[in-house]
Number of protein chains: 2
Amino acid sequence: MKRTRTTVIDIARAAGVSKSTVSLVLQGSPLVNEATRAKVSAVIRELGYVYNRSAANLRQAKSGIVGIVVNDLTNSFFAELAVGMDMVVQSAGYVQFLANTGESVDRQREVIASMREHGIAGLILSPARGTQISDLKPLIDSGIPVVLVVRNLPGAKVSSLLSDNYAGTLQAVEHLVGLGHRRIAFMGGYADTAVFEERVRGYRDALMRAGLPSGDDFIFNSAPSRAGGVAVVEKMLLRAERPTAAVCFNDAVAFGVCDGLRAARMEPGVDFGVVGFDDVIEAKTAVPALTTVSVDPQGMGQRAAQLLLKQINSERAEPEAQLLSVRLVVRESSGIGKNVRNREEHA
Amino acid sequence: MKRTRTTVIDIARAAGVSKSTVSLVLQGSPLVNEATRAKVSAVIRELGYVYNRSAANLRQAKSGIVGIVVNDLTNSFFAELAVGMDMVVQSAGYVQFLANTGESVDRQREVIASMREHGIAGLILSPARGTQISDLKPLIDSGIPVVLVVRNLPGAKVSSLLSDNYAGTLQAVEHLVGLGHRRIAFMGGYADTAVFEERVRGYRDALMRAGLPSGDDFIFNSAPSRAGGVAVVEKMLLRAERPTAAVCFNDAVAFGVCDGLRAARMEPGVDFGVVGFDDVIEAKTAVPALTTVSVDPQGMGQRAAQLLLKQINSERAEPEAQLLSVRLVVRESSGIGKNVRNREEHA
DNA sequence: CTAGTTAATTGGAACGTTCCAAATTTGTCA
DNA sequence: TGACAAATTTGGAACGTTCCAATTAACTAG
């Protein structure tokens, strides 16, 4: 249709002012007279002008774009995290590149490189498994603020926002011990991640404090997914001495464990106690409702975005490590008071 | 650290060639001599140069960015859709703005405007509820290719990629009828969307063909979410004449219905037949495994992205409407052969 | 009425790239 | 060796904006 896009000069001509004035109007500068501002604004609307941000931030070095890179959007924890970030990023007038790495470091490298070329003002990264600090070196050196979220990269000189994994599983185990369980398993997750390590440490310490054996017998690895949870139950049922309850690596695994239990004709929350981790949105409405360590992924996403924006807006910002406290939300799956729904605090 | 970013001119100086030559190298042009190419490439690596795409597509009108706007990333159907798009978009060397509208037309308008300012080459949109064709008018007029996905906007002159909703529910009902059900409900979804209308039409026609009454008595509206499904079961149980099976608006509702049934001490797949729609990733591993109409969201996302890229690369492309065929995947929740897992074809 | 201020406007340079036309180098063949 | 073609390289203009310094217009006070 349009041969050439309408530019600030076209507006200027049509409004009978100079391009500089139009630019001033565009930026909402107080320098311009009310009358001219109105006139110019009218012309802008009339001609259907669209601002060219590429051109703008070629001149000024600010970009209005933030990058968000997550390792698995299919996992609803990360999806909610992304949604939380999206909210504050949009509201702040930024727009986001959101990319999914699917746990591939290669893809991660590619997308980060691509984002840099497009000139992002900052990056929020939930690193893929196996990410090295060196992978981020050039990015960090360039001075672009980076916020690590969910997963840490120990040694990297960047901000991070992590949940208190250790405290979470600690509380979860204490809860189960309080219910009388003595053989408590840890189910799901890959052993080579920092998150896993922290959660298992909380699990072990809690067992120790309770005077229970804390060997590795009851630690079952699996993919951190629903399917992984199902598989893990099958493995568990082969054991001579079975656990009577489990703290799961995350909610996805916990749901899988519930599925697996039912497939074996056991009722989660009755025959076996299940505690999750994350408190994804379905945890509350599932049947049985999931007892879980609440991380509030959406809130976490918001905080991460806020942290990044803060860093972007203050030059020379020191890296800042935030630890998000968690709390155990007791619902039904851990085994007390089925049908006692009012135990849940937030309606 | 760096006072000023390294530019193509710095490279040129360091390599002893002109900036034009560097540009040629950057674009992989066959015009440049192998020796110089090698030299320049080396310098580029050495100086840690990062390409400035903003500057580039200020000159050439191509942008390398596509916009993706979805209405609810929290819903795993859309999350998977997004992941599918992500795959092909990234592989094609593009990068994506991905925004979530949360069903808000206002936010949708904002993000689309923002994306236009950043110069997207095309847009994939799963419109928020209540989107008007007029909302997209300026975008479409500007000549940017748009692909509508999942939800149609009848009358809009743009490409679309929709699943065959009508055929899907038709098959679902026929399946339930074949199992001997006579009172079949349609559960979940909001009545004011085109998708809902199509699915209900398939439901009605199938009932009619089977000689069953197809009034609105057994149509239950609710949010298209897990919580909505739970709520709908409670409503259903109040009825004097209860249905014995249900086709659900989507898998989320279907899972909610299963939850609700169990809360009422009924076993999905035994006491009540449940069929979903979408075939999200958990449908297969859930217990009971969900009988559902398979849409393959990830594949759909890929096709949508391919369609968009095709339109981008061929100027003057006519809008193209694709209808994605669906097929019923019979698993356990619809009520036959519990424990007959090998009914599932793709392992 | 004039000098001095303040308010409002403006032309041109600059940002980092690509494109074009032209210039230079290299190669080929008689 | 000279003439021509092919291969390679190159300066400058252009893209659409913002910034700066400078100009003009509008006031104010003496």
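Side chains included, hydrogens not; waters and symmetry mates left out as well; all remaining heavy atoms used.
For DNA chain D, the residues of residues 9-22 of chain B within the heavy-atom distance limit of 4.0 Å (strictly under) are Val17(B), Ser18(B), Lys19(B), Ser20(B), Thr21(B), sorted by number. Within residues 50-57 of chain A, the residues having any heavy atom under 4.0 Å from DNA chain D are, by residue number, Tyr51(A), Asn52(A), Ala55(A), Ala56(A).
Nearest heavy-atom pair, Val40(A) versus Ala15(A), reported as atom, atom and distance to 0.1 Å: CG2-CB, 4.2 Å. Residues Ala99(B) and Asp86(A) approach most closely at CA-OD2, 3.5 Å, considering heavy atoms. Here the shortest heavy-atom pairing between Ala14(A) and Leu47(A) reads CB-CD1, 4.3 Å.
The residue Leu26(B) sits apart from the nucleic acid: no heavy atom pair falls under 4.0 Å. Within the 4.0 angstrom heavy-atom criterion, base atoms lie near Ser23(A).
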Return a table of donor-acceptor pairs under 3.5 angstrom between the side chains of residues 118-125 of chain B and protein atoms on other chains or two or more places apart.
from: His118(B); atom 1: ND1; to: Ser114(B); atom 2: O; distance (Å): 3.1

Which pairs of donor and acceptor atoms, one on a side chain in residues 152-161 of chain A, lie under 3.5 Å apart (sequence neighbours left out)?
from: Ser159(A); atom 1: OG; to: Gln311(A); atom 2: NE2; distance (Å): 2.6
from: Ser159(A); atom 1: OG; to: Glu320(A); atom 2: N; distance (Å): 2.9

Please tabulate, for the side chains in residues 297-304 of chain B, all donor-acceptor contacts under 3.5 angstrom to protein atoms that are two or more places apart in sequence or on a different chain.
from: Arg303(B); atom 1: NE; to: Gln322(B); atom 2: OE1; distance (Å): 3.4
from: Arg303(B); atom 1: NH2; to: Gln322(B); atom 2: OE1; distance (Å): 2.5

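Scanning atom types as modelled, no donor and acceptor separated by under 3.5 angstrom connect the side chain of Arg59(A) and the base of dT17(D).
By the side chain to side chain contact (heavy atoms under 4.5 Å, CB included) test, Asp10(A) pairs with Thr6(A), Thr7(A), Arg13(A), sequence neighbours left out. Not a single salt bridge (Lys or Arg N to Asp or Glu O under 4.0 Å) links Arg59(B) to another residue, sequence neighbours left out. Remark: Thr131(A) engages Gln108(A) in a side chain to side chain donor-acceptor pair (under 3.5 Å) (not counting sequence neighbours). Residues satisfying the salt bridge (Lys or Arg N to Asp or Glu O under 4.0 Å) criterion with Arg107(A), sequence neighbours excluded, are absent altogether. Legend: residues meeting side chain to side chain contact (heavy atoms under 4.5 Å, CB included) with Leu26(A), ordered by chain and number and at least two apart, are Val8(A), Val22(A), Ile44(A), Tyr49(A), Tyr51(A).
Distance CZ (Arg5(B)) to C1' (dG16(C)): 8 Å, rounded to an integer number of Å. The CG atom of Leu58(A) sits 12 Å away from the P atom of dT18(C) (whole-angstrom rounding). Here the C1' atom of nucleotide dG16(C) and the CD atom of Gln60(B) are 12 Å apart, to the nearest Å. For the pair Gln27(A) CD and dT9(C) C1', the computed distance is 14 Å after rounding to whole Å.
Of the candidates Val150(B), Val295(B), Val149(B), Val295(B) is the only one forming a side-chain contact (heavy atoms from CB on, under 4.5 Å) with Ser163(B).
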Expected rows: protein N/O vs nucleotides 5-8 of chain C N/O, under 3.5 Å:
none

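No donor-acceptor contact under 3.5 angstrom links the side chains of Glu80(B) and Ser76(B), judged on distance only.
For the helix from dC1(C)-dG30(D) to dA30(C)-dT1(D), the terminal axes (five pairs an end, C1' atoms, rotation from four pairs onto the next four) enclose an angle of 40°, given to 10 degrees.
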